[in-house]
There are 2 protein chains.
Amino acid sequence: MAATLREVAERAGVSARTVSNVVNDFPQVAPATRARVQQALDELGYQPNAVARNLRNGRSGLIALVLPELDVPYFAELTRAVIEQAAAAGYTVVVDQTDGDPVRERELVMRGNRAAMFDGLIFNPLALGSADLRNRSSSTPVVLLGERVVQGGLDHIMIDNVGAAELATRHLIDLDRQRIAAIGDQSDESRQTGRLRTEGYQSALRSAGHEMRPDLIRPTEFFHRADGAAAMSDLLALPDPPDAVFCYNDLLALGALRTILSHGLRVPDDIALVGFDDIEDGRYSTPSLTTIRPDKTQIAKHAVQLLLNRLDGDKSAPAELSADYDLVIRESTTL
Amino acid sequence: MAATLREVAERAGVSARTVSNVVNDFPQVAPATRARVQQALDELGYQPNAVARNLRNGRSGLIALVLPELDVPYFAELTRAVIEQAAAAGYTVVVDQTDGDPVRERELVMRGNRAAMFDGLIFNPLALGSADLRNRSSSTPVVLLGERVVQGGLDHIMIDNVGAAELATRHLIDLDRQRIAAIGDQSDESRQTGRLRTEGYQSALRSAGHEMRPDLIRPTEFFHRADGAAAMSDLLALPDPPDAVFCYNDLLALGALRTILSHGLRVPDDIALVGFDDIEDGRYSTPSLTTIRPDKTQIAKHAVQLLLNRLDGDKSAPAELSADYDLVIRESTTL
DNA sequence: CGCTGGGCTTGCAACGTTGCAAGTGATGCT
DNA sequence: AGCATCACTTGCAACGTTGCAAGCCCAGCG
């Protein structure tokens, strides 16, 4: 069905090469010829065959974005930004979900036959750790997103999790809260996010001279609403429950919020709440959610730019870039 | 860097064709040869070049999912389902966002050079109407999602919007609500969703003998939280405000909920609320949201299956499939 | 011992595109 | 008139893969 260069050439009475020159806007084509070829192109509705092009010039024009879950708002918003950035550079993004499954992550990132299709990868690991990533056999360039799993050796866009968690916790301290809990700690070695945020949380408490109560640090398996709701139930069941909670992401906070409200308590009057990620849901909850806002556009921009540099043969040392963040104060911490 | 068939062949002392036979598990290869080739494959870490393969057999293995916004939860959840279904069939999904911009929709779906890259499209139109879609010049098969924009002639997966809206409204009637409002009407010809849901809403009111008050039907430009919040403000400002609201999607309902609560009113005591889509946010809001739940997995399954059939040369008449839905009753309508 | 057949392997060509270098014809200069 | 120059156009080859049909070699049979 689709017309080829050769067919257009025949119709216009020129060579395929000349048609190619017209299609690609090469200067060395006589105006008259160009017009004639253009007409043939239009008549046949010619569309360049992307696959053949890609084979010819050795690139597929495709980059893969590999992340845990697409329907988690933070990732959905990040994905939007990555797609936009990549499109601006003429690249197309394929999104792959791993559900945090190490087998799927390995398959997609390490050597999966899928990999041969992509010029590069942007990878937000959940289960895969340093050991895995270090001996990747595939030569496709990767940029990592998220906390630092690998010490050097790979391009990486991250946020200062410790600093951000400190900022969030200090905000609660400044509100004169005495029993500040944390939801989202993770002991699992491969999941650094939780560990780093706990580090920041503790550091803030310590420098404010607060008591450190291990029972106020609640681990969760995932970062979903359900985990936040369950952890909050546990906290409320304590003999001496918290008057403030720092949740390691907004979904946890929204789950916790639901539990608090259904216990007849008020936010922030009884319990103040801070989240992380600044997803849209938190801007419209009641009360709206105070949160750490990472600059998602900047993350996407850096990631795509870094990857494109590698594709252009940039051989410089692996980069580690930190994205900006700030604290957005909303109703959940404002009396 | 990546090894080619020829290189493997040289190393194993056979022809490229034989290596290809091994890679593709063809039966006609002597065990000894197979073993030797396999070893060479392993040693070189051979990965088939997807682009060359695709050129050879005329398919790219790529389907595009074109939708308005990826970071709207309904679409994110739908996208997850489509990716899973497509992956099961060996296809890779490229997600494209149009932001409801008719120019971008046209570019992507009608003839954009992007289109030549995809074997097929799954398209959820927002701005493009029947007139546009009917004279598509591209020969790439399309399956449409959403309300029926085109009368026949194209494959289509839809929900019975009128029936679902009737069900939602009847639920509010059964609660003895007297002044039932609707948020999300759309006059724009190309956006049928709003119109159809209004139709169902009105039909339910009519058959229950309820008064029809035009001032209780609020149009919105988009289906975002902000639109719901604004429309709800207007409704509350009426001399005779509603005691129940049917919102045409969950985001509108969450926005409306926020407005209601911030006015010191209670849900469902003062105002009962029903949404549409069953996004996860609505399951964790306070109160949780009664909503129409379309079977997203089924939608994705039908869409992918229908598209794959077309790719396999199925020439049967265009199909119009309706996905199932049901009413999920939660706190926003339970006293 | 020669011929047939089957098991296994191979070379060629093509998918649609573009880089390269060579080709064409007309123009201008000496 | 002859030659260099220029503007434009072309054919060839190759990207890595696989369908096709032909080829090779050995076993088995007459």
Side-chain angles (χ1 to χ4, degrees), chain A residues 1-38 40-41 44-62 90 113-119 139-140 311, chain B residues 1-38 40-41 44-62 90 113-119 139-140 311:
Chain A
M1 192 69 223
T4 73
L5 275 187
R6 228 182 301 276
E7 288 164 3
V8 176
E10 195 161 349
R11 185 179 192 99
V14 295
S15 75
R17 196 61 187 77
T18 297
V19 179
S20 173
N21 287 336
V22 172
V23 171
N24 293 291
D25 261 330
F26 278 32
Q28 295 284 65
V29 180
T33 313
R34 181 176 298 265
R36 197 149 36 91
V37 171
Q38 190 57 56
L41 285 171
L44 293 176
Y46 172 79
Q47 289 296 113
N49 179 318
V51 175
R53 265 194 185 167
N54 294 337
L55 173 60
R56 183 56 235 238
N57 56 29
R59 308 181 314 99
S60 70
L62 249 39
N113 42 9
R114 295 284 306 279
M117 188 166 190
F118 303 117
D119 295 338
S139 60
T140 312
L311 298 185
Chain B
M1 191 69 222
T4 73
L5 275 187
R6 228 181 301 276
E7 287 163 5
V8 176
E10 195 161 349
R11 185 178 191 99
V14 296
S15 74
R17 196 62 187 77
T18 298
V19 179
S20 172
N21 286 337
V22 172
V23 171
N24 294 290
D25 261 331
F26 278 34
Q28 296 285 64
V29 179
T33 313
R34 181 176 298 265
R36 197 149 35 91
V37 171
Q38 189 59 56
L41 285 170
L44 293 177
Y46 172 79
Q47 290 295 113
N49 180 317
V51 176
R53 260 191 188 172
N54 294 336
L55 174 60
R56 184 56 234 233
N57 56 31
R59 307 181 316 100
S60 70
L62 249 39
N113 42 7
R114 295 287 305 280
M117 188 167 190
F118 303 117
D119 295 338
S139 61
T140 312
L311 297 185

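A note on names: the letters A, B, ... follow the listed sequences, proteins ahead of strands, and every chain is numbered from 1.
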What nucleotide, of [options], holds the atom closest to the side chain of [X]?
| X | options | value |
| --- | --- | --- |
| A/N24 | D/dG16, D/dT18, C/dT18 | C/dT18 |
| B/R17 | C/dG11, D/dA13, D/dG16 | C/dG11 |
| B/T18 | C/dC15, C/dT9, D/dT18 | C/dT9 |
| B/R6 | C/dT9, C/dG16, D/dG16 | D/dG16 |
| A/L55 | D/dC15, D/dG19, C/dT9 | D/dC15 |
| A/A52 | D/dT18, C/dT9, C/dT17 | C/dT17 |
| A/Y46 | D/dT9, C/dT10, C/dT17 | C/dT17 |

Atom-pair distance ([atom1] on [X]; [atom2] on [N]), nearest Å:
| X | N | atom1 | atom2 | answer |
| --- | --- | --- | --- | --- |
| B/L5 | D/dC15 | CG | C1' | 13 Å |
| A/Q28 | C/dC20 | CD | P | 15 Å |
| A/R59 | C/dT18 | CZ | C1' | 13 Å |
| B/R56 | C/dA14 | CZ | P | 10 Å |
| B/M117 | C/dG16 | CE | P | 17 Å |
| B/E10 | C/dT9 | CD | P | 18 Å |
| B/L44 | D/dG16 | CG | C1' | 15 Å |
| A/N21 | C/dT18 | CG | P | 9 Å |

Quick check: does any side chain N or O of A/D119 sit under 3.5 Å from a backbone N or O of A/G61, one acting as donor and the other as acceptor?
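Pair found, side chain donor or acceptor close to backbone of A/G61.
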
Do side-chain atoms of A/E7 reach the backbone of A/T4 as a donor and acceptor pair under 3.5 angstrom?
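Yes; judged by distance alone, with no hydrogens or angles, the pair exists.
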
For B/S60 and B/N54, which I'm curious about, is there any donor-acceptor pair between the side chains at under 3.5 Å?
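Per modelled atom types, B/S60 and B/N54 side chains form no pair under 3.5 Å.
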
Any chance the side chains of B/N49 and B/R53 put a donor and an acceptor closer than 3.5 Å?
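B/R53 and B/N49 do not have a side-chain donor-acceptor pair below 3.5 Å.
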
Checking side chain to side chain contact (heavy atoms under 4.5 Å, CB included) against A/R36, which of A/T18, A/V14, A/V22 comes through?
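Going through the options one by one, the only one that passes is A/V14.
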
Touch class at under 4.0 angstrom, heavy-atom based, for A/V51 against every strand present:
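No contact.
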
By nearest heavy atom, map A/A16 and A/P31 onto DNA chain D; which one lands nearer the 5' end?
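Nearest-nucleotide comparison on DNA chain D picks A/P31.
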
Side-chain N or O of B/R53 less than 4.0 angstrom from OP1 or OP2 on D/dG16?
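Result: no.
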
Please check the phosphate of D/dG16 (OP1 and OP2 only) for any side-chain N or O of B/T4 closer than 4.0 Å.
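So the side-chain polar atoms of B/T4 never come under 4.0 Å of the phosphate oxygens OP1 or OP2 of D/dG16.
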
